[in-house]
K.L.:
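Got a structure for you, questions after.
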Amino acid sequence: MACDKFLTLNNGIKMPALGIGTWQAPENEVEEALNLALEAGYRHIDCAPVYLNEKVIGRVLKSWIDSGKLTREELFITTKLPPPALKAEVVEHVLKNSLADLQLSYVDLYLVHVPFGIMFDAAKSEFVRDENGVVMDLTTDHLAIWKSMEAVLEKGLTKSIGLSNFNKNQIQRILDNCKVPPANLQIEHHVYLQQKDLIEFCKSNGITVTAYAPLGSKGIANINKAAGVDRELPDLMDIEEVKDIASAHDKTPAQVLLRWIIERGISAIPKSTNPGRLRQNLDIFDFSLSEEELDKLNALDSNIRVCDFSFFKGIERHPEFPFTS
Ligand SMILES: NC(=O)c1ccc[n+]([C@@H]2O[C@H](COP(=O)([O-])OP(=O)(O)OC[C@H]3O[C@@H](n4cnc5c(N)ncnc54)[C@H](OP(=O)(O)O)[C@@H]3O)[C@@H](O)[C@H]2O)c1
């Protein structure tokens, strides 16, 4: 079982279409899960310093590389410039911190995690909040940040650079002013939030797309609850059409949701720390969906955004908040 589909980035680098996500993968679970994932055949790992587990991931990667079970070149590692570090002058320092934690000399893809900056209290290790919600960093300057992204690329600290959660206008502004265009956009993408316009725009500009929350990000309910956000979330694995297609192929709803993404030339990074489910999510390369099945899944689009960042109370007031329509 392995991922036999790759997306070619605009610099020629190949990214395995299926990777594993690591958000809400706590330190005590991620070590075992990542060992199992690498044994199962995952080679693409999606990380971020805000997931608070890069050190453990680094230990696992080092043990696999040092023992000769894997070479660095066989892996595709993504990490991200976090919301409290959206300042041109800290990009290199923050990337070097991630590299130190991951025990790597470079990552394969470095993304700007979100287009809006948030203030961070390093001493308390938490986002700064006041009575209105999170305290925003209103100095966010995309063009200056992108110059620093190009600089870390030039220095070889990453093989590719890209964006996450940026909207079409924000990407266009970078395209109009960059030396190196983004290689990838990571966005929420699943049957209920298909973002056809944005994906078409990316394709026409040579930007590959990675789908986060491809299974509907069930775990986000915990984050919402902790932040006092009371919101009913859809269960994508309980959609009739998805369940019917799954039983026709003797697959699970999750496998159908992932296969639908991969077949459309998009990468998916489902998170699981459960041994059975993480293997299941990779076991999607032995079947394909018919035109009729693809049409049924395409028709489910309902503009339901699961990760709307409402757990950062007040963030929709940031001038660079991307989800305005
Ligand atoms: N750029 C961004 O702003 C951003 C935002 C969100 C996510 N991400 C990235 O994208 C990754 C994936 O998104 P996500 O973690 O939010 O959501 P997701 O992958 O859609 O869903 C993960 C949830 O589904 C469960 N699950 C996994 N496989 C399953 C299966 N086969 N059957 C039933 N349940 C299953 C997981 O639980 P178990 O672990 O218990 O299996 C977990 O609760 C993240 O981990 C992160 O790396 C990026």
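Since we're looking at a predicted model, the values are computed, not measured. Each ligand, and each atom within it, is numbered from 1 in the order the structure gives.
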K.L.:
Which is closest to atom 31 (N) of ligand 1 in terms of heavy atoms, Glu188, Gln280, Gln255, Arg279?
P.N.:
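Going through Glu188, Gln280, Gln255, Arg279 one by one, Gln280 has the nearest heavy atom to atom 31 (N) of ligand 1.
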K.L.:
Near Gln186, which atoms of ligand 1 are under 4.0 Å from a heavy atom of that residue?
P.N.:
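Listed by number with element, the hits are 1 (N), 2 (C), 4 (C), 8 (N), 9 (C), 48 (C).
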K.L.:
Checking Trp23 against Asp46: is there a side-chain donor and acceptor pair closer than 3.5 Å?
P.N.:
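No, no side-chain donor-acceptor pair sits under 3.5 Å.
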K.L.:
Taking only non-hydrogen atoms of Thr252, do any sit less than 4.0 angstrom from ligand 1?
P.N.:
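Thr252: no contact with ligand 1 (<4.0 Å).
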K.L.:
Can you tell me the protein heavy atom closest to atom 34 (N) of ligand 1 and the distance?
P.N.:
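Minimum-distance protein heavy atom for atom 34 (N) of ligand 1 reads Arg277 CD, 3.6 Å.
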K.L.:
Is it the case that Lys159 places NZ or CZ above or below the six-membered ring of Tyr106, under 6.0 angstrom from the centre and within 45 degrees of the axis?
P.N.:
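So Lys159 does make the cation-pi contact.
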K.L.:
Relative to atom 38 (P) of ligand 1, which among Ala48, Ser272, Ala221, Ala211 owns the nearest non-hydrogen atom?
P.N.:
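Answer by nearest heavy atom: Ser272.
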K.L.:
When you measure from atom 4 (C) of ligand 1 to every protein heavy atom, which one gives the shortest distance, and what is it?
P.N.:
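Going by distance alone, atom 4 (C) of ligand 1 is nearest to Tyr212 CD2, 3.3 Å.
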K.L.:
With heavy atoms of His113 as the reference, note each atom of ligand 1 found under 4.0 Å away.
P.N.:
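Near His113, meaning under 4.0 Å from one of its heavy atoms, ligand 1 has 1 (N), 2 (C), 3 (O).
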K.L.:
Report the nearest protein non-hydrogen atom to atom 14 (P) of ligand 1: residue, atom name, distance rounded to 0.1 Å.
P.N.:
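The protein heavy atom lying closest is Ser217 OG, 3.7 Å.
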K.L.:
Would you find a donor on one side and an acceptor on the other, under 3.5 Å apart, between the side chain of His44 and the backbone of Pro16?
P.N.:
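A pair under 3.5 Å: yes.
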K.L.:
Among all protein heavy atoms, pick the one closest to atom 47 (O) of ligand 1 and tell me residue, atom and distance.
P.N.:
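Going atom by atom, the protein heavy atom closest to atom 47 (O) of ligand 1 ends up being Asp46 OD2, 2.7 Å.
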K.L.:
Do NZ/NE/NH1/NH2 and the carboxylate oxygens of Glu240 and Lys243 come within less than 4.0 Å?
P.N.:
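Yes, Glu240 and Lys243 are salt-bridged.
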K.L.:
Sub-3.5 Å donor-acceptor pair from the side chain of Asn167 to the main-chain atoms of Pro322, do we have one?
P.N.:
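Checking the backbone N and O of Pro322 against the side chain of Asn167, a donor-acceptor pair under 3.5 Å is found.
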K.L.:
Does ligand 1 have any atom sitting under 4.0 Å from a heavy atom of Thr22?
P.N.:
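In this structure, Thr22 qualifies as a contact of ligand 1 - some heavy atom is under 4.0 Å.
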K.L.:
Could Asp230 and Lys225 be called an ion pair, given the rule that one side-chain N must be under 4.0 Å from one carboxylate O?
P.N.:
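Between Lys225 and Asp230 there is no salt bridge, as every charged N stays at least 4.0 Å from the carboxylate O atoms.
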K.L.:
For ligand 1, which atoms, with element, lie under 4.0 Å from some heavy atom of Tyr51?
P.N.:
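Close to Tyr51: 4 (C), 8 (N), 9 (C), 46 (C), 47 (O), 48 (C).
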K.L.:
Is the closest N or O pair between Pro270 and ligand 1 shorter than 3.5 Å?
P.N.:
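Not met; the criterion fails.
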K.L.:
Which ligand 1 atoms does Ile269 reach within 4.0 Å, using its non-hydrogen atoms?
P.N.:
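Once the distances to Ile269 are compared, the set is 9 (C), 10 (O), 11 (C), 12 (C).
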K.L.:
If you count heavy atoms of other groups shown closer than 6.0 angstrom to CG of Asp250, is the number above 12?
P.N.:
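It does not: Asp250 CG has 12 such atoms or fewer within range.
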K.L.:
Note the single closest protein heavy atom to atom 20 (O) of ligand 1, along with its residue, its atom name and the distance in Å.
P.N.:
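In this structure, atom 20 (O) of ligand 1 has Leu215 N, 2.7 Å as its nearest protein heavy atom.
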K.L.:
Could you tell me whether ligand 1 has any atom less than 4.0 Å away from a heavy atom of Gln24?
P.N.:
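Contact absent.
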K.L.:
Output the list of atoms in ligand 1 that are nearer than 4.0 Å to some heavy atom of Met237, sorted by atom number.
P.N.:
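So the atoms of ligand 1 that pass are 32 (N), 33 (C), 34 (N).
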K.L.:
Charged N to carboxylate O below 4.0 Å: is that the case for Lys251 and Asp286?
P.N.:
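Yes, Lys251 and Asp286 are salt-bridged.
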K.L.:
Please report whether ligand 1 has a polar contact with Ala254, defined as an N or O pair separated by less than 3.5 Å (distance criterion only).
P.N.:
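Min N/O separation from ligand 1 is not below 3.5 Å for Ala254.
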K.L.:
Under 4.0 Å from a heavy atom of Trp23: which atoms of ligand 1 are those, numbered in the order shown and with their elements?
P.N.:
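So the answer, numbered in order with elements, is 6 (C), 7 (C), 16 (O), 44 (C), 45 (O), 46 (C), 47 (O).
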